[in-house]
Amino acid sequence: MKVVEEQRIRVMEGSWSPVSVIREIVESGVQEDPFYVMDLGEVVARYQQWKELLPRVEPFYAVKCNDDKLLLTTLAALGTGFDCASKAEIELVTSLGVPPERIIFANPAKMASHIRYASAVGVDVMTFDSEIELMKIKQYMPHAQLLIRIRCDAASAQCPLGIKFGCDPVTEAPRLLKLASVLGLDVAGVSFHVGSGAAEAAVFGRGVQLARSLFSAARDLGLRPRLLDLGGGYPGIAAQHHFMLEIAEVVNAALESHFPERSVRVVAEPGRYFAAAAYTLAAMVHSKREIPAKEGEDADTHTMYFINDGVYGSFNCVLYDHQIVSAEPLHDRADSVLPCSVWGPSCDALDCVMESALLPPLDAGDWLVFRDMGAYTIPIASPFNGFPVPRVRAVVDAGLWTGGLREAWPPLDEECRAAPDLTPDLTSDLTPTHRAVFVECALK
Ligand code: PLP
């Protein structure tokens, strides 16, 4: 039963927003656990924006960023490819009906059994950045189409990746290309990743330029490079729209200047670009402590708020992804804001969501909304200390759903019924402000 409920999509009519949906669920009065509202429409809008901004670049969504089936199925329906890092991710994506040609095995250091699995299911394109990887691939999958992953770091990034992956394009890559050629392997092209949450647009230009020179070096060795992979690093939130425009301008200009030939296929591996903004998290304040200002100190009382999701749950992104989250009260408050901190529910002092925030006075039972929470949150969250990982409640606008998205999805067991069952785990008698139907998705 749980599985079916988790795969339920609420089709929204009239005017609504993720926050109005959260409000409605919360106002049922019986919701206690944190939850996400996931808007499929946001994913569709981002896909359309990608096509407009980067018409030459095919997106292969990086599954590691958020492996929620609702997101993967929406992207599969839209026609994106997928970047998988492991056997399990390949299994997941192929189980949704995605053909192996639409998957890149983009982990430069792969386990032998994972290479054998990729070979067995026909995922032919994979990355490498070392000699030993070439040897393993020669042994287990000599027909693989290889992308040499080079290092090309943004001046700064939330999560730099070059410290772990990517061979030096000048000192190491030529030698690796030579070895690949001697081994008779197929080097299909070049890939790089500028760093996740990159803060520099120009780095994409440098990456494309480096790739160009390695294409030439590979051709001189008799290899047949034909695929350029621009990796990830694209921003995922509306507030960074201008930065995305800047990146697109750099990428398009670099492609025109270094890869004018259309015979070279260009792909990228965006993760947070597709995942971040589609997920809005709602978490409830369940306790608080007032810390009085110390005598003689010119400071206000500080309030510590305890909420039902923390760094062992969704807010792992504060620790691992170096995100700075911001909270807004679900219900508008006329009160002025006061200094406070926000803590997770576990009995661990590390479990601090926001060390220093400004919020209006809140009480136990008040809810906070955290926007842009879809990237590097859900797949890493754990139920540590007995606090459940928030459930995802998917919504989609009726116009978008009936206007094509529904047909693009896999066959659905549709069970359309009028609200009031806003929160399937509840049996309350709600009078919803939105008319909605639920669709049970036939995702296994
Ligand atoms: N590709 C690879 C190989 C990655 O390791 C990552 C993230 O770590 C991504 C793509 C996605 O990056 P982003 O979410 O910054 O777009």
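Heavy-atom basis, side chains included; hydrogens, waters and symmetry copies ignored. Residue numbers run from 1 in the order of the sequence given. Every number for a ligand or one of its atoms is a count from 1 in the order of the listing.
- Below 3.5 Å of separation, one finds an N or O of R272 facing an N or O of ligand 1.
- When atom types are taken as modelled, the side chain of H114 and the backbone of K87 share a donor-acceptor pair closer than 3.5 angstrom.
- The contact set between ligand 1 and L161, taken as ligand atoms under 4.0 Å from a residue heavy atom, comprises 5 (O), 8 (O).
- Closest heavy-atom approach to atom 8 (O) of ligand 1 within the set K64, R149, Q158: this belongs to K64.
- Contact check on K138 versus E131 returns no salt bridge, with no Lys/Arg side-chain nitrogen under 4.0 Å from an Asp/Glu carboxylate oxygen.
- Listed by number with element, the atoms of ligand 1 under 4.0 angstrom from any heavy atom of A106 are 3 (C).
- Under 4.0 angstrom from ligand 1, there are no non-hydrogen atoms of T127.
- Put simply, part of P270 is less than 4.0 Å from ligand 1, judged by heavy atoms.
- Classification of E24 and R10 as a salt-bridged pair holds, one side-chain N sitting under 4.0 Å from a carboxylate O.
- At least one N or O atom of G233 sits closer than 3.5 Å to an N or O atom of ligand 1.
- E328 has a carboxylate O that lies under 4.0 Å from a charged side-chain N of R371, or vice versa, which qualifies the two as a salt bridge.
- Side-chain contact annotation: Y36 with S314, donor-acceptor N/O pair under 3.5 Å present.
- Scanning the protein heavy atoms around atom 14 (O) of ligand 1, the nearest turns out to be Y376 OH, 2.6 Å.
- In plain terms, the two heavy atoms of P235 and M244 that are nearest each other are CD-SD, 3.7 Å.
- Summary of contacts: the protein heavy atom closest to atom 10 (C) of ligand 1 is E269 O, 3.2 Å.
- What sits closest to atom 15 (O) of ligand 1 on the protein, heavy atoms only, is S196 OG, 2.6 Å.
- Residues E256 and R262 are paired through a salt bridge, judged by an N-O separation under 4.0 Å between the basic side chain and the carboxylate.
- Put simply, the side chain of D68 gets close to the backbone of L70: a donor and an acceptor are under 3.5 Å apart.
- Taking atom 12 (O) of ligand 1 as the reference point, the nearest protein heavy-atom neighbour is H193 NE2, 3.0 Å.
- Considering both main-chain and side-chain atoms, G195 never comes within under 3.5 Å of ligand 1 through any nitrogen or oxygen pair.
- Geometrically, R46 does not engage F274 in a cation-pi contact defined by less than 6.0 Å to the ring centre and at most 45° from the axis.
- Set against the non-hydrogen atoms of G232, the atoms of ligand 1 under 4.0 Å away are 12 (O), 16 (O).
- Heavy-atom contacts of D83 reach the following atoms of ligand 1: 1 (N), 2 (C), 3 (C), 10 (C) (cutoff under 4.0 Å).
- The side-chain contact (heavy atoms from CB on, under 4.5 Å) test with Q145 singles out one residue from D186, I104, V123, V187, and that residue is D186.
- Counting the atoms of ligand 1 from 1 in the order shown, those under 4.0 Å from a heavy atom of A62 are 9 (C), 10 (C), 11 (C).
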